[in-house]
Number of protein chains: 2
Amino acid sequence: MIARNPSLTDQVKAHLKERIHAGAFDEGRIPSETVLAAELGVSRTTIRDALSRLEHEGTIYRRQGAGTFVNPPGLRIRSRLEEMWSYEDVLRAHGFTPSVRILGIDTLPADASVADDLSIPVGASVIVMEKLFLEDAEPVALARNVIPAGLLRGEPADHAEEPVFAYLEAHCDRRLAYYLSEIVPVVLGGVQAARLGVVDGTAAISFEEVGFDQDNEPVVRATSIFRDDLLRFRLIRRKTGT
Amino acid sequence: MIARNPSLTDQVKAHLKERIHAGAFDEGRIPSETVLAAELGVSRTTIRDALSRLEHEGTIYRRQGAGTFVNPPGLRIRSRLEEMWSYEDVLRAHGFTPSVRILGIDTLPADASVADDLSIPVGASVIVMEKLFLEDAEPVALARNVIPAGLLRGEPADHAEEPVFAYLEAHCDRRLAYYLSEIVPVVLGGVQAARLGVVDGTAAISFEEVGFDQDNEPVVRATSIFRDDLLRFRLIRRKTGT
DNA sequence: CAGTGGTCTAGACCACTTT
DNA sequence: AAGTGGTCTAGACCACTGA
């Protein structure tokens with residue numbers, strides 16, 4: 001419990017999470033912050049940081065004056081919407097062993113909407129990549145990523161089977177920092193329904209999002225559609241001040 | 001800048017948010033943490049807490065060694081999914097001045113699914129309340145709340161026009177702490193389509209959720225459906241460790 | 001009442017960016 | 001080299017819970 005990176009807080013968090021999932025705490029009661037600090041040889045502040053994150057994730061809950069406890073309903077969440085990263089990981093978290101099929105890679109001129117989202121001129125070249133994620137032979141998700149061609153070094157097809165964040169790192173040394181996402185309901189039909197293997201008229205969730213890099217510049221515009229019968233998103237909603 | 005409650009951190013956060021929205025920072029650059037701490041007469045820790053929350057909300061971003069900056073794309077978010085509370089507030093944040101119509105209040109026996117979610121016996125009485133939220137005469141959202149009858153003190157119809165969290169406080173002195181939510185795509189038809197004023201076959205987002213109180217006990221099961229053409233949800237997705 | 005979590009401080013050292 | 005945010009510490013005081 002001395003090494004840096006991962007940070008002490010992250011180590012404490014991982015350690016506690018492990019003990020929680022192993023059912024190591026009687027009656028779901030977690031030792032007090034003072035006790036944990038002494039036990040792990042770190043300051044109370046570090047313990048509190050770790051506990052705060054676990055609380056935010058829904059793993060535990062705290063009651064002033066009473067104590068800190070395991071939160072069983074929160075443990076049922078497989079993947080939290082605000083934290084999902086690569087779709088491969090999301091699928092793995094749901095117990096799948098996903099595979100990826102590249103449906104197409106094209107270089108096209110950006111239309112007004114894409115140009116605006118990516119802060120590039122209308123008509124500038126963009127790489128459009130369509131992927132299908134499958135579990136066994138069953139399609140689970142359909143994704144379309146649009147990346148400014150100017151960012152790429154190397155052939156668009158290289159690393160195409162990797163997750164978008166890895167693709168961006170390999171091609172342009174940009175690290176994806178966050179997505180700004182809209183949740184859109186759609187009725188599947190035609191090509192999309194066929195690709196996802198559902199009947200026309202099936203409802204699905206679509207994410208319309210823009211990904212930003214470490215310097216807060218837009219680097220990818222993504223649209224992803226999911227089979228609701230195979231993958232359902234969960235999140236925790238809380239009240240916050242201001 | 002001395003009073004407790006709201007906490008110093010909350011006051012600092014609100015203060016900075018105001019200055020940010022007023023465009024008070026040149027080039028989007030926010031003063032360093034040290035400067036802010038001196039300026040506002042609080043410790044750097046307090047400043048950092050406030051900045052961390054603003055960063056999490058997408059209002060600002062920070063780059064180690066470089067500084068803290070306003071995040072223009074984040075400012076466009078009207079209401080964040082993880083933070084929405086009463087639907088009235090969500091609608092107001094989108095510029096509406098909502099009204100509520102009670103469609104019905106019934107007392108029914110709980111089926112297996114509801115009983116499980118609310119930790120009550122199958123067949124126990126529950127209050128079922130259906131509400132329609134409108135902007136002018138236009139329906140925007142349809143909500144169905146199910147509350148264990150055993151929790152209520154007083155007539156179910158009392159306070160029915162108030163938001164659920166206020167209803168629960170008034171009737172049972174329970175404060176809603178958080179919702180565990182599932183996002184479900186639906187195709188509207190029949191009664192629901194008619195109530196929401198859309199044609200059969202329109203896609204919509206539905207939230208299936210369970211609300212928990214301050215003691216982490218389930219107190220309400222809710223289903224809410226929204227008109228996508230009038231209300232669209234946004235959120236920030238980030239990578240997190242572990 | 002003792003013990004818990006909630007808030008806040010002052011200060012140290014580090015990693016990183018910018019000049 | 002100077003300045004920035006990132007991490008961590010030790011300690012203080014408060015509000016609240018439960019025996």
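Order of the sequence lines sets the chain letters (A, B, ...), proteins ahead of strands, with each chain counted from 1.
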Notebook entry, point to check: Counting side-chain heavy atoms from CB outward, which of C:dC13, D:dT9, D:dC13 is closest to A:Arg44?
Noted result: D:dC13

Next item on the list: Would you mind telling me which of D:dG5, D:dT9, C:dC8 lies closest to the side-chain atoms of A:Leu8?
Entry: D:dT9

Next item on the list: State which residue, out of A:Arg19, A:Gln11, A:Glu18, fulfils the side chain to side chain contact (heavy atoms under 4.5 Å, CB included) condition with A:His15.
Entry: A:Arg19

Note to self: Is it true that A:Arg53 and A:Thr59 share a donor-acceptor pair across their side chains at a distance under 3.5 Å?
What the structure shows: no

Notebook entry, point to check: So what does A:Thr34 touch, heavy atoms closer than 4.0 Å: a base, only the sugar-phosphate, or nothing?
Noted result: nothing

Check: Contact class for A:Thr9 (heavy atom, under 4.0 Å): base, sugar-phosphate, or nothing?
Finding: sugar-phosphate

Note to self: Can you confirm whether the side chains of A:Tyr178 and A:Asp213 place a donor and an acceptor under 3.5 Å from each other?
What the structure shows: no

Notebook entry, point to check: For B:Ser32, which contact category applies under a 4.0 Å heavy-atom criterion: base, sugar-phosphate, or nothing?
Noted result: sugar-phosphate

Side-chain donor-acceptor contacts of residues 109-116 of chain A below 3.5 Å, not counting sequence neighbours, with atom names and distances?
residue: A:Asp111; atom: OD1; partner: A:Ser113; partner atom: N; Å: 3.1
residue: A:Asp111; atom: OD1; partner: A:Val114; partner atom: N; Å: 2.9
residue: A:Ser113; atom: OG; partner: A:Arg221; partner atom: NH2; Å: 3.1

Note to self: Please report the distance, rounded to the nearest Å, between CZ in A:Arg53 and P in D:dG6.
What the structure shows: 12 Å

Note to self: Whether the A:Arg29 and A:Thr68 side chains hold a donor-acceptor pair (N or O, under 3.5 Å, no angle test) is what I'd like checked.
What the structure shows: no

Item checked: Atom pair distance, as rounded to whole Å: CG in B:Leu16 and P in D:dG5 -> 12 Å

Check: So, is B:Thr68 near the phosphate of D:dG5, with a side-chain N or O under 4.0 Å from OP1 or OP2?
Finding: yes

Next item on the list: Select one nucleotide: of C:dT9, C:dG6, D:dG5, the one nearest the side-chain heavy atoms of B:Thr46.
Entry: C:dT9

Notebook entry, point to check: Over how many whole Å does the gap from A:Arg48 atom CZ to C:dT4 atom P extend?
Noted result: 13 Å

Notebook entry, point to check: Can you tell me how far P of D:dT17 sits from CZ of A:Arg29, to the nearest Å?
Noted result: 14 Å

N/O donor-acceptor pairs under 3.5 Å from side chains in residues 144-167 of chain A, not counting sequence neighbours:
residue: A:His159; atom: ND1; partner: A:Glu162; partner atom: OE2; Å: 3.0
residue: A:Tyr167; atom: OH; partner: A:Pro156; partner atom: O; Å: 2.6

Notebook entry, point to check: Given D:dG5, C:dT9, C:dG5, which nucleotide is nearest the side-chain atoms of A:Arg62?
Noted result: C:dG5

Check: Mapping B:Thr45 and B:Pro31 onto DNA chain D by nearest heavy atom, which one lands closer to the 5' end?
Finding: B:Pro31

Next item on the list: Check the distance between D:dG11's C1' and A:Glu33's CD and give it to me in whole angstrom.
Entry: 15 Å

Contact list (N/O, under 3.5 angstrom) for nucleotides 17-19 of chain C vs protein:
residue: C:dT18; atom: OP1; partner: B:Arg63; partner atom: NH2; Å: 3.1

Checklist line | Spacing between B:Asp49 atom CG and C:dG6 atom C1', to the nearest angstrom | finding: 11 Å

Next item on the list: Determine, using ring centers only, whether A:Phe226 and A:Tyr87 are less than 6.0 Å apart.
Entry: yes

Check: How many Å lie between CZ on A:Phe69 and P on C:dG5, as a whole number?
Finding: 8 Å

Note to self: Could you tell me how far apart B:Leu36 (CG) and D:dG3 (C1') are, to the nearest whole angstrom?
What the structure shows: 14 Å

